[in-house]
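A, B, ... follow the sequence lines: proteins, then strands. Residue 1 opens every chain.
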Amino acid sequence: MGFASDLMSDVLTLLEDDILLITGLSNNQAVRTAEMSDISNILIVRNKQPSQAMVDMANELDIALITTPYSLFRVSGLLYTHGLESVY
Amino acid sequence: MHASYPVMAGDFTIAGNASSQIKRTLKQLDVPPLTIKRIVVATFEAEVNVIAHSYGGEVICDIEPDKVVVQVVDTGPGIPDLELAMTEGYSTASDELREMGYGAGMGLPNIKKNSDKLDIYTAAGDHTHITMTFMLGGA
């Protein structure tokens, strides 16, 4: 299942396990939120590159960071079309 | 088990440190994953609130055989209208805070949703003291 948001407060309202978080938020807070929500995959959109601090933190917490040049809308649509289900 | 963690106002680089340490402890104690998530998400929301809105404070965690009690206490300035702050979508967050992905106005409502019992003491000009209780069903 996938969930797309730039607002970590919205991500924190989900209780589903191990979803793909698709976000344009490329900072430590995205990794922290993933840690709290048991999310192990973050897809960062709009070609934003994670900082070294963010990569280090993700490494330590065993969280994978993926980047794409596509927009949040486009990549969400593509993944949905290929079978990734929405959380709600 | 009793532990407390200081939380500094305004320092988002360490946001989540207290919640992260509590998560590690709960994992070691074999608390069910969904219960851990509820505890940690609520604690993280409260921790971010202290950093974002208060003069600083601490997170106090007490783990007992049948329940986990997390208290989040700050030194002020208190919440002027608690009922409004409990409303989903209501937020007083700064633009800086929103850029970091917070400030959706879901913090306190989400804390309430995830805890089995929530007590809040607050008053404008005073401090805020949140007590969250999570039952460990059958554990």
May I ask you to test the [X]-[Y] pair for a side-chain heavy-atom distance under 4.5 Å?
| X | Y | result |
| --- | --- | --- |
| M106(B) | L12(A) | no |
| F44(B) | T33(A) | yes |
| S19(B) | E35(A) | no |

Neighbours of chain A found in [range] - heavy atoms under 4.5 Å:
| range | value |
| --- | --- |
| residues 22-31 of chain B | K23(B) |
| residues 47-59 of chain B | none |
| residues 95-104 of chain B | E99(B), M100(B), G101(B), Y102(B), G103(B), A104(B) |

Chain A shares the most heavy-atom pairs under 4.5 Å, among S20(B), G107(B), A15(B), with S20(B)
Who wins among T13(B), N17(B), N110(B) for the most heavy-atom pairs under 4.5 Å with chain A?
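Between T13(B), N17(B), N110(B), the count favours N110(B).
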Within one Ile-Leu-Val-Met-Phe-Trp-Tyr cluster: [X] and [Y], side-chain cutoff 4.5 Å:
| X | Y | answer |
| --- | --- | --- |
| L72(A) | L43(A) | yes |
| L25(A) | V45(A) | no |
| I63(B) | I60(B) | no |
| V73(B) | L118(B) | no |
| I36(B) | M132(B) | yes |

Report the C-alpha distance between L15(A) and N114(B) in whole Å, list the side-chain angles of each, state the deciding distance to 0.1 Å, and finish with yes or no for side-chain contact (heavy atoms from CB on, under 4.5 Å).
CA-CA 10 Å; L15(A) 286 176; N114(B) 282 295; 3.8 Å; yes
Whatever's closer than 4.5 Å to a heavy atom in chain A on L34(B) counts as side chain
Do other residues, nucleotides or ligands put more than 12 heavy atoms under 6.0 Å from [X] [atom1]?
| X | atom1 | value |
| --- | --- | --- |
| M8(B) | CE | no |
| K67(B) | NZ | no |
| Y121(B) | OH | yes |
| F12(B) | CZ | yes |

Given the options M8(A), M36(A), M57(A), which has more heavy-atom pairs under 4.5 Å with chain B than any of the others?
M36(A)
Selection from L61(A), V11(A), D17(A) maximising heavy-atom pairs under 4.5 Å formed with chain B
D17(A)
Against chain B, label L7(A) side chain, backbone, both or neither, depending on which of its atoms sit under 4.5 Å from a heavy atom there.
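Contact with chain B: backbone and side chain both.
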Engaged part of N27(A) at the chain B interface, taking heavy atoms whose separation is under 4.5 Å
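Only the side chain of N27(A) comes within 4.5 Å of chain B.
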Counting only N and O atoms by type, is there a donor-acceptor contact under 3.5 Å from the side chain of K37(B) to the main-chain atoms of D38(A)?
no
With sequence neighbours excluded, residues passing side chain to side chain donor-acceptor pair (under 3.5 Å) with D18(A):
S40(A)
